[in-house]
Amino acid sequence: MTKTVRDTITQALTMLGVALGGVAPTGPEAADGVKAFNGMVHGWKAQGVDVGHIDQTINDDLALAPEHYEAVTALLAVRLAPDYDAQVSPAVATIASNGWSGLQAKYIINSPDSDMVVDTGLRRLGAFRSYGTYQG
């Protein structure tokens, strides 16, 4: 099932307790959410995670694979929290953190021209790392 930018903003605001019951964002909330979403995803490139993002509008489908939907939503909730003076729950923070690791594992730029070159094997560990469970 595809997910739109509107769905992502609505769910992020619901995660923060700003939108109750998944109520769609108002016009200003939607506009601010789209700006925050596009800025956030563009900003990932500066952190070495290039998902090939071009600006999206409120009704566009997310241009990421479905396995990243929850991560993007939680990361957007974290990004929007200060705008609404809202607290991020530990559960949402965990989803965002694990999701960011998954995005890094999938999309991190790994070339001699980038600031950081990472072995491919290490890139794939990100989302599956759990301290104390590795049996080498």
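Note: hydrogens, waters and symmetry copies are ignored here, and every other heavy atom, side chains too, is used.
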Pair listing, side chain to side chain donor-acceptor pair (under 3.5 Å) test, anchored in residues 70-83, at least two apart = Lys3-Thr73, Arg79-Asp83
Closest non-hydrogen atom pair, Val18 against Glu29 | CG1-OE2, 4.3 Å
Closest heavy-atom pair and its distance - Val92, Ala77 = CG1-CB, 4.1 Å
Is there a side-chain contact between Thr14 and Leu16 (heavy atoms, below 4.5 Å)?
-> no
Among pairs that include at least one residue of residues 84-97, which meet side chain to side chain donor-acceptor pair (under 3.5 Å), considering only residues two or more places apart or in two chains?
-> none
For Thr57 and Asp60, does a side-chain donor sit closer than 3.5 Å to a side-chain acceptor?
-> yes
Check: Asp61 and Gln56 side chains under 4.5 Å, non-hydrogen atoms = no
If you look at every heavy atom in Ala30 and Pro25, which pair is closest and at what distance?
-> N-CB, 3.9 Å
Taking atom types as modelled and ignoring hydrogens, do the side chains of Thr10 and Asp7 form a donor-acceptor contact shorter than 3.5 angstrom?
-> no
Closest heavy-atom pair, Ala36 versus Leu80, reported as atoms and distance to 0.1 Å, is CB-CD2, 3.6 Å
Of all heavy-atom pairs between Ile95 and Ala74, which one has the smallest distance, and what is that distance?
-> CG2-CB, 3.5 Å
Output for pair (Ile9 CD1, Lys35 NZ), nearest 0.5 Å, gives 12.0 Å
Check: Val78 and Trp100 side chains under 4.5 Å, non-hydrogen atoms | no
Residues passing the ring-ring contact (aromatic ring centres under 6.0 Å, His included) test with His53, sequence neighbours excluded, are Phe37, His42
Under a 4.5 Å cut-off applied to non-hydrogen side-chain atoms, are Lys45 and Tyr107 in contact?
-> no
Note, Asn59 side chain near Thr4 side chain (heavy atom, < 4.5 Å) = no
Check the pair Leu62, Tyr69 against side-chain contact (heavy atoms from CB on, under 4.5 Å), reporting the backbone distance first and the verdict last.
-> CA-CA 8 Å; Leu62 283 186; Tyr69 289 174; 3.7 Å; yes
Any side-chain heavy atom of Trp44 sitting closer than 4.5 Å to one from Leu103?
-> yes
